[in-house]
Amino acid sequence: MTTLREKMKQEMTLRGYSLGTQDVYLRSVVKLHDHFNRNPADLTEEEIKAFLLFTLGNKPIAASTYNIIIHGLKFFYEHVLDKRMVVIKLPRHKEPQKLPDILSAAEVERIIKATENFKYRTLFILIYGAGLRASEAANLCIQDIDSERSVIHIREGKGGKDRYVILSPVMLKTLRIYWKQCRLKISPQRQSSDFIFIGASGKAISSHSIGATYRRSKALAGIKKQGGVHGLRHAFATHALESGADLFSIKQLLGHASVTSTVRYLRMTDKTRQLIQSPVDQLNL
């Protein structure tokens, strides 16, 4: 299994898969291995399907979680073992097209104000203000802030793509306050780091830490809507569309590969619904 594990890592690295994707794909194959305690390369198609049936019947599992297992096994058998016929026979589940809960501008404000730690408050302002992913905000470096052009340079975002995003006056002012009140007061050893937001380890602050702090702030703000810190990114896109921004500009700012990913935000805007009058209002009731 060790040799196959290394080969799978190499194949995923060559294709530019993120460490997160590599981890979940490997975990799928490890689960298959542990289920039979045998080398996955020696398993029959019937045994693989028996494992999938066990996975589905053991406990409730979301379609997206099940499909991640399928994608991991598909990669393993197709690219590591070159068994394409096995891949064709691995069934996927149709994932429900759920819309996330969208925070109102007032709710975003309450969450930010409930965040007492100014480092995290600054992070949330940047995430919402520019529609950043938590990992993108966490890995921002000093040289990424271009105050002259009022932009932030996001380097190697999802898919390894660079892009420029908004640096609004409020975001810039908050960053400068954070720098004076917090960043300049850390130890000299950590001062040498290029990262703007430094964690306890001296490296970039972790996405896990950002998510945990966000959940606490949301609870303190009394927000019951579902969703983690990524909800600030959803709110940015939705609120920008409602303010009149065009879909292509939002796509560029969010770093979406396809406009299809951006179009779904149209289903979340109040503006679209406000333009339509219900026919019931025309009745003499």
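Quick note: numbers below take in every heavy atom, side chains included, and nothing from hydrogens, waters or symmetry partners. Positions are given from 1 along the sequence.
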Which pair of heavy atoms, one from [X] and one from [Y], lies closest together, and at what distance?
X      : Y      : value
Ser147 : Leu167 : CA-CD2, 4.1 Å
Glu47  : Asp42  : OE1-O, 4.3 Å
Ala138 : Ala204 : O-CB, 3.6 Å
Ala134 : Ser207 : C-OG, 4.0 Å
Asp144 : Asn139 : OD2-O, 4.2 Å
Ile196 : Cys141 : CD1-O, 3.5 Å

Using side-chain heavy atoms (C-beta onward) and a distance below 4.5 Å, is [X] in contact with [Y]?
X      : Y      : result
Phe195 : Leu140 : no
Ile145 : Val151 : no
Val229 : Ile127 : yes
Ile142 : Trp179 : yes
Arg5   : Val29  : no
Leu123 : Leu132 : no
His239 : Tyr128 : yes
Thr13  : Met8   : no

Can you tell me how far apart [atom1] ([X]) and [atom2] ([Y]) are? Round to the nearest 0.5 Å.
X      : Y      : atom1 : atom2 : value
Leu172 : Ile166 : CG    : CD1   : 13.5 Å
Leu4   : Asn39  : CG    : CG    : 5.0 Å
Ile210 : Ile205 : CD1   : CD1   : 5.0 Å
Leu19  : Gln22  : CG    : CD    : 5.5 Å
Leu103 : Arg110 : CG    : CZ    : 9.5 Å
Leu232 : Arg133 : CG    : CZ    : 14.5 Å

Pair Leu253, Arg163 - check side-chain contact (heavy atoms from CB on, under 4.5 Å), show working.
CA-CA 7 Å; Leu253 290 171; Arg163 71 183 192 279; 5.7 Å; no

No-hydrogen, no-angle side-chain donor-acceptor test under 3.5 Å, [X] and [Y]:
X      : Y      : value
Ser18  : Thr21  : yes
Tyr120 : Ser217 : no
Asp246 : Ser249 : yes

Pair [X] + [Y]: basic N to acidic O under 4.0 Å:
X      : Y      : value
Arg155 : Glu136 : no
Glu107 : Lys225 : yes
Arg149 : Asp146 : yes
Glu11  : Lys7   : no

Assess whether side-chain contact (heavy atoms from CB on, under 4.5 Å) is satisfied between Asp34 and Lys31, documenting all intermediate values.
CA-CA 5 Å; Asp34 293 346; Lys31 285 180 180 178; 5.9 Å; no

ILVMFWY cluster, [X] and [Y] together (side-chain gap under 4.5 Å):
X      : Y      : result
Phe124 : Val170 : no
Leu220 : Val108 : no
Phe54  : Ile69  : no

Would you mind telling me which of Thr213, Thr115, Thr174, Ile177 makes a side chain to side chain contact (heavy atoms under 4.5 Å, CB included) with Arg121?
Thr115

So, the side chain of Arg233 versus the backbone of Leu254: is there a donor-acceptor pair under 3.5 Å, distance only?
yes

Please answer whether the main-chain N or O of His234 pairs with a side-chain N or O of Thr238 as donor and acceptor at a distance below 3.5 Å.
yes

Report, as yes or no, whether the 6.0 Å neighbourhood of atom [atom1] on [X] holds more than 12 heavy atoms from other residues, nucleotides or ligands.
X      : atom1 : result
Arg176 : CZ    : no
Glu148 : CD    : no
Lys173 : NZ    : no
Glu45  : CD    : yes

Does anything in residues 142-168 pair up under ring-ring contact (aromatic ring centres under 6.0 Å, His included), and if so which pairs, sequence neighbours excluded?
His153-Tyr164

Kindly determine whether Met12 and Leu26 satisfy side-chain contact (heavy atoms from CB on, under 4.5 Å), including the steps that lead there.
CA-CA 10 Å; Met12 289 190 288; Leu26 274 170; 3.9 Å; yes

Would you mind telling me which of Phe76, Tyr77, Phe75 makes a ring-ring contact (aromatic ring centres under 6.0 Å, His included) with His79?
Phe75

Show, in sequence, the C-alpha distance, side-chain angles and deciding distance for Phe51 and Leu73, and conclude whether the side-chain contact (heavy atoms from CB on, under 4.5 Å) test is met.
CA-CA 11 Å; Phe51 162 72; Leu73 297 181; 4.2 Å; yes

